[in-house]
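In what follows, chains are A, B, ... by sequence order, proteins preceding strands, each numbered from 1.
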Number of protein chains: 2
Amino acid sequence: MTLAEDRLKALGEFIRSQRRLANLSLRQLARLAKVSNPYLSQVERGIYKPSAEVMKHIADALEISAENLYTRMGLLEGRAPAPRAGGGVEEAVRLDPRLSTDQKEALIRVYRSMTAGRAPRPRRHTSAPRTVRSKPPS
Amino acid sequence: MTLAEDRLKALGEFIRSQRRLANLSLRQLARLAKVSNPYLSQVERGIYKPSAEVMKHIADALEISAENLYTRMGLLEGRAPAPRAGGGVEEAVRLDPRLSTDQKEALIRVYRSMTAGRAPRPRRHTSAPRTVRSKPPS
DNA sequence: CTACTGCGCTAAGTCTACCAAGCGTGCGCT
DNA sequence: AGCGCACGCTTGGTAGACTTAGCGCAGTAG
């Protein structure tokens with residue numbers, strides 16, 4: 001079943017990229033998603049297949065739709081889910097395949113600055129994660 | 001977490017009722033859904049919580065939408081999903097809360113007889129299951 | 001320099017979703 | 001009567017989802 005493994009790996013990479021876009025460290029996201037940080041690490045590297053509950057928790061923490069993750073795992077026939085009413089902008093941006101990572105970050109930053117004053121969604125990162133990471137010797 | 005347990009039991013009962021409506025025995029459905037029959041038995045009685053994969057297999061075998069089951073388990077925020085294009089009639093009937101079980105059975109029977117000749121979806125039950133079952137001593 | 005903190009990862013254990021084998025019952029046959 | 005088959009359920013066992021403890025590294029502060 002290499003197909004499932006590919007999907008698993010793709011899901012992990014997707015989660016990791018979304019986490020980075022949201023500017024969260026692995027441990028922060030793990031806390032938000034109510035899982036342990038080593039486990040989330042393996043999930044992101046495609047070693048373990050997360051249960052649907054865990055996927056939902058991760059989706060909620062990342063503020064993306066759970067359908068999105070389910071679809072990636074082939075659990076949902078189909079189609080791209082409609083973005084939600086409220087905070088759909090950020091998700092739409094993050095998911096747009098025609099935007100580069102930098103473009104997404106920029107757009108989101110601008111969007112947040114625009115909506116800064118009004119009805120802010122509570123989302124504190126007390127400390128921004130240190131983004132740098134040296135590659136382990138292959 | 002009694003909430004989750006209730007949901008689990010409700011899901012099991014729902015699956016069992018849908019299986020009966022589809023006129024399938026436990027073993028038949030287990031075979032269609034690619035799970036073992038004892039396991040399906042426990043799932044229907046709310047003892048075990050099926051994984052999303054299993055839920056999808058069951059949904060496919062019962063010809064209902066996977067979203068439906070996910071939503072029942074609280075894995076999907078949403079509301080009742082729109083029935084699919086082709087073959088949605090039977091599902092719509094089965095899911096209608098305003099119909100009794102007998103009404104559903106009757107309707108489905110009529111519907112099948114009407115659509116009998118044309119493009120039949122492959123669904124063989126070589127033998128109808130014996131529906132009778134005496135209650136075990138409580 | 002040492003001490004502290006946060007990062008991601010490895011290692012070892014626990015728990016439970018899922019399976020194969022087998023039991024007891026009820027029905028239809030000869 | 002007895003045989004055979006299908007029904008649903010109980011019982012161990014295996015594997016993998018998930019946890020807690022701890023490693024090594026990089027940055028910042030005293």
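- Listed by chain and residue number, Lys49(A) satisfy the side-chain hydrogen bond (donor to acceptor under 3.5 Å, both in side chains) test with Glu53(B) (two or more places apart in sequence, or in another chain).
- Note: CZ (Arg31(B)) to C1' (dA6(D)) measures 13 Å, nearest angstrom.
- Side chains of Arg27(B) and Arg31(B) form no contact here, defined as non-hydrogen atoms less than 4.5 Å apart.
- Checking the phosphate oxygens (OP1, OP2) of dA17(D), no side-chain nitrogen or oxygen of Ser51(A) falls inside 4.0 Å.
- Rounded to an integer number of Å, the gap from Glu44(B) CD to dC7(D) P is 13 Å.
- In this structure, the CE atom of Met55(B) is 11 Å from the P atom of dA17(C), given to the nearest Å.
- For Leu75(A) against Tyr70(B), the heavy-atom pair with the smallest separation is O-OH, 2.8 Å.
- In this model, the phosphate group of dT10(D) is approached by a side-chain N or O of Arg45(B) to a distance below 4.0 Å at OP1 or OP2.
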Tabulate protein N/O versus nucleotide N/O from nucleotides 19-23 of chain D, keeping only pairs under 3.5 Å, one per line.
| from | atom 1 | to | atom 2 | distance (Å) |
| --- | --- | --- | --- | --- |
| dT19(D) | OP2 | Ser36(A) | N | 3.0 |
| dT19(D) | OP2 | Ser36(A) | OG | 3.1 |

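- As a whole-Å value, the separation of His57(B) NE2 from dA17(C) C1' is 15 Å.
- You'll find the side chain of Ile58(B) reaches within 4.5 Å of the side chain of Leu40(B), heavy atoms only.
- At a threshold of 4.5 Å between non-hydrogen side-chain atoms, the residues Pro50(B) and Leu8(B) count as touching.
- Rounded to whole Å, atom C1' of dA17(C) lies 14 Å from atom CG of Leu40(B).
- Going from atom CD of Glu53(B) over to atom P of dG16(D) covers 13 Å, rounded to whole Å.
- In terms of phosphate contacts, Ser41(A) brings no side-chain nitrogen or oxygen within less than 4.0 Å of OP1 or OP2 of dG8(C).
- Counting heavy atoms from C-beta on, the side chains of Met55(B) and Met73(B) come closer than 4.5 Å.
- Counting only Watson-Crick and G-U wobble pairs whose two distances sit under 3.5 Å, DNA chain D takes part in these stems of three or more pairs: C:1-30 with D:1-30.
- Between Leu29(B) and the choices His57(B), Arg19(B), Arg20(B), Arg16(B), the side-chain contact (heavy atoms from CB on, under 4.5 Å) rule is met once, by Arg19(B).
- Listed pair Arg19(A) / dG8(C) meets the phosphate criterion, a side-chain N or O lying under 4.0 Å from OP1 or OP2.
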>> Test side-chain contact (heavy atoms from CB on, under 4.5 Å) on Val54(B) and Val43(B); report intermediate values, then the result.
In response: CA-CA 10 Å; Val54(B) 170; Val43(B) 166; 5.5 Å; no
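- At least one side-chain heavy atom of Ile64(B) sits less than 4.5 Å from a side-chain heavy atom of Leu69(B).
- For the pair Ile47(B) CD1 and dT11(D) C1', the computed distance is 12 Å after rounding to whole Å.
- To the nearest angstrom, C1' of dA6(D) lies 12 Å from CG of Leu26(B).
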